[in-house]
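A, B, ... follow the sequence lines: proteins, then strands. Residue 1 opens every chain.
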Number of protein chains: 2
Amino acid sequence: MAKMSDVAKKANVSIATVSRVFSSPETVAEETKKKVLKVVEELNYTPNVLARQLRKMETKTIVVVVPDITNTFFSRVLRGIETIARENGYRVLLGDTENDITLENEYLKTLYEKHADGLILLTARTDRITIEKLSENYPVVLACEYLEGSNLPTVSIDNISAARKATEHLIKLGHRRIAHITGPMNVILSRDRLKGYKQAMESYELEVDPILIQEGDFYYKTGYNLMLKLLFIENPPTAVFAANDEMAIGAIKAIQSQGLKVPEDIAIVGFDNIKMSAIFSPSLTTIGQPTYKIGEKAMNLLLDLIRGKKLSKNQFVLDDKLIIRESCGFKND
Amino acid sequence: MAKMSDVAKKANVSIATVSRVFSSPETVAEETKKKVLKVVEELNYTPNVLARQLRKMETKTIVVVVPDITNTFFSRVLRGIETIARENGYRVLLGDTENDITLENEYLKTLYEKHADGLILLTARTDRITIEKLSENYPVVLACEYLEGSNLPTVSIDNISAARKATEHLIKLGHRRIAHITGPMNVILSRDRLKGYKQAMESYELEVDPILIQEGDFYYKTGYNLMLKLLFIENPPTAVFAANDEMAIGAIKAIQSQGLKVPEDIAIVGFDNIKMSAIFSPSLTTIGQPTYKIGEKAMNLLLDLIRGKKLSKNQFVLDDKLIIRESCGFKND
DNA sequence: ATATTTTATGTAATCCATTACACTTACATT
DNA sequence: AATGTAAGTGTAATGGATTACATAAAATAT
């Protein structure tokens with residue numbers, strides 16, 4: 001593989017000139033440039049990025065830590081991130097943790113090893129201190145999740161108000177006994193969505209029977225199982241707010257498995273607006289998150305940090321949207 | 001940030017010794033090692049990977065080119081790849097092409113720039129010559145897709161026989177007029193699945209009406225639209241084999257939108273066994289691909305190539321499986 | 001006691017591109 | 001004509017770790 005010095009020699013110029021042809025072509029005489037580029041062509045020369053990286057101490061690479069790459073919600077955020085990254089000459093290193101904290105930690109280390117210029121976390125199970133420390137030394141942005149009581153740059157929707165909106169929708173449809181299948185409680189998102197649910201219930205002075213709150217884990221199977229459980233309690237709910245679409249669909253299937261119908265017998269609201277939620281029958285009423293935009297914004301923030309810009313503010317809250325479909329019926333049903 | 005020479009100075013040893021403590025600790029005296037490690041601790045030293053990479057001319061990074069990261073089929077293959085990569089100290093650079101050939105080409109370049117040690121292609125729209133040339137110089141593995149007439153290392157299922165199996169299943173259920181919604185014809189997978197479909201039809205001496213073959217693009221919406229079209233032809237099919245699950249589900253929705261039922265009125269078979277296919281109602285009969293295993297095998301092959309091992313053979317065909325669910329009914333219906 | 005081998009460590013070249021600084025040449029200004 | 005300025009190019013230091021080779025010291029063999 002040809003290197004820069006080979007090009008320089010063959011073109012009868014110095015290495016510096018060759019380098020300049022690539023990095024600041026406007027400072028090189030037209031004729032020289034042509035000469036160099038011709039040799040570059042002849043030798044089929046490509047700059048060795050490793051050397052450049054070492055010299056400039058930058059990798060033009062960022063790491064994205066994802067809790068579950070097979071979840072389309074995250075892969076769509078990821079796509080937003082990647083697009084902006086690519087447009088700015090950055091590459092994306094994938095860190096799929098498969099919901100495993102140990103792996104999450106592994107990926108954080110890549111920063112210290114100078115393997116990446118920055119980090120976007122789509123999951124933040126690691127303790128706050130560790131992440132804050134990391135953030136003091138390197139560009140770090142949280143997306144979707146955030147850390148309680150921390151001022152790290154964050155992009156997300158307001159999960160509390162979104163969950164309140166979802167629950168209120170059910171209340172306005174006339175439901176009084178509304179269950180909530182939560183996400184895992186060690187995740188702030190889940191706690192926020194629970195909080196929103198409770199706020200809605202309280203503001204309509206509806207009592208929340210503790211048995212109506214079931215802790216899930218965002219997976220289909222769990223939604224199914226917990227819904228079954230809810231169906232067999234003494235006084236089953238007439239509506240369920242699930243903390244994500246996957247569990248919501250699990251719940252619907254559980255309801256259908258018992259010969260009951262959605263929304264006629266039980267209404268369901270989900271969260272995330274994954275692709276399947278529009279296609280599934282009954283289609284799912286849910287909270288739509290601007291996945292692509294979250295990714296976009298997160299990456300743009302990270303770029304600002306990498307470039308040493310001051311951020312105007314640290315917490316960015318994007319708009320969510322209640323998407324009304326079949327799974328909870330309509331007011332006049 | 002402390003560097004190796006700082007550690008060396010403070011520990012009163014040479015840089016070489018410090019380096020050895022990390023790369024070949026068994027050659028360093030126990031006492032020296034301790035001394036060095038103590039200083040490493042004190043200075044909070046982490047090796048600069050960039051320098052190592054330049055020196056060793058390896059990045060410990062591979063690129064995976066994916067046509068669509070939001071498709072769970074691919075993200076599951078990706079997970080297999082990443083797991084093996086991680087276990088072997090490799091990082092995964094994500095190359096989501098969003099089905100865009102231009103982007104695909106972009107990612108191929110990263111190899112020439114020494115940004116990665118190897119490449120796994122989950123899509124290969126780029127012309128054969130380019131890819132073969134790349135493969136002559138760098139470790140490249142194809143997964144899922146392959147290149148016609150090329151001997152590149154490949155991991156996939158036998159799409160022809162799988163498609164034949166799927167179609168035969170419909171034939172055995174008594175269907176005679178079976179349509180096929182194909183993938184995009186510029187993709188070898190699609191052509192193979194079409195070939196399998198035709199083989200099955202021929203072996204049962206069933207005539208294939210050209211209008212029953214509709215070219216799709218693997219997307220839900222297209223499956224929906226093409227199915228609508230098929231419903232309104234003169235003599236509509238009683239069964240449809242779709243080249244992937246997403247289109248199959250689109251087809252089912254189209255059928256349902258016309259007040260018809262699956263499988264009672266029209267039977268459907270898909271391909272890929274994405275998560276949704278088991279959950280959807282009716283659940284989808286489909287061909288299951290060993291996604292995780294494909295990823296695993298592809299990465300292991302790539303590791304062999306990177307390490308300069310001779311491959312025992314180049315084409316690895318993994319087993320697929322016909323998964324019978326509700327969407328095509330049962331023999332005695 | 002001497003020769004030989006082993007073990008541990010150091011020296012210095014190397015990987016390849018970037019860039020501060022120095023220098024030359026051509027042209028403009030007074 | 002003398003000086004200043006700008007444009008174009010070159011020289012050489014630099015980034016931080018790896019490693020072939022050399023050397024010193026210790027262990028073993030004869």
- Message: For A:T17, give me all partners under side-chain hydrogen bond (donor to acceptor under 3.5 Å, both in side chains), at least two apart in sequence or on another chain.
- Response: A:S14

- Item | A:D319: partners by side-chain hydrogen bond (donor to acceptor under 3.5 Å, both in side chains), with sequence neighbours left out | none

Could you tell me how far apart [X] ([atom1]) and [N] ([atom2]) are, to the nearest whole angstrom?
X	N	atom1	atom2	value
B:K34	C:dA8	NZ	P	14 Å
B:L50	D:dT18	CG	C1'	15 Å
B:E26	C:dT6	CD	C1'	15 Å
B:E30	C:dT9	CD	C1'	16 Å

- Task: Compare every heavy atom of A:T126 with every heavy atom of A:I131, then report the nearest pair and how far apart it is.
- Result: CD1-O, 3.7 Å

- Rounded to 10°, the helix from C:dA1-D:dT30 to C:dT30-D:dA1 deviates from straight, judged by its five-pair end axes, by 40°

- Query: Any donor and acceptor pair, going by atom type alone, linking the side chain of A:D217 with main-chain N or O of A:Y219 inside 3.5 Å?
  - Reply: yes

- Check whether any side-chain N or O of A:T97 sits under 3.5 Å from a backbone N or O of A:N99 as a donor-acceptor pair, and report yes or no. yes

With a 3.5 Å cut-off and sequence neighbours excluded, list the donor-acceptor pairs that the side chains of residues 139-154 of chain A form with protein atoms.
residue	atom	partner	partner atom	Å
A:E145	OE1	A:A124	N	3.4
A:E145	OE2	A:R125	NH1	3.4
A:Y146	OH	A:D192	OD1	3.3
A:Y146	OH	A:D192	OD2	2.6
A:E148	OE1	A:R191	NH2	3.2
A:S150	OG	A:E132	OE2	3.0
A:S150	OG	A:L152	N	3.4
A:N151	OD1	A:Q315	NE2	3.0
A:T154	OG1	A:L152	O	2.8

- Answer yes or no on whether A:K109 is positioned over the face of A:Y107, meaning its NZ or CZ is under 6.0 Å from the six-membered ring centre and within 45° of the axis. no

- Task: For the side chain of A:V13, starting at C-beta, report the closest nucleotide among D:dG10, D:dG8, C:dA8.
- Result: D:dG10

- Query: Which letters describe nucleotides 15-27 of chain C, given B = protein heavy atom under 4.0 Å from base, S = only from sugar-phosphate, - = neither?
  - Reply: BBBBB--------

- Using a 4.0 Å heavy-atom cut-off, write out nucleotides 22-27 of chain D from 5' to 3' as B (base contacted by protein), S (sugar-phosphate only) or - (no contact). ------

- Task: List in chain and number order the residues that pass side-chain contact (heavy atoms from CB on, under 4.5 Å) with B:K34, two or more places apart in sequence or in another chain; answer none if no residue qualifies.
- Result: none

Under the rule for salt bridge (charged side-chain N to carboxylate O under 4.0 Å, His left out), what residues qualify as partners of [X], not counting sequence neighbours?
X	result
B:K38	B:E42
A:K297	none
A:K33	A:E30

- Query: B:D127 and B:T130: side-chain donor and acceptor closer than 3.5 Å?
  - Reply: yes

List, with names and distances, any nitrogen or oxygen atoms from the protein found under 3.5 Å away from nitrogen or oxygen atoms belonging to nucleotides 5-7 of chain D.
none

For residues 60-71 of chain A, which side-chain donor-acceptor pairs fall under 3.5 Å, sequence neighbours excluded?
residue	atom	partner	partner atom	Å
A:T61	OG1	A:T59	O	3.0
A:D68	OD1	A:T70	N	3.0
A:D68	OD1	A:T70	OG1	2.7
A:D68	OD1	B:R79	NH2	2.8
A:N71	OD1	A:F73	N	2.8

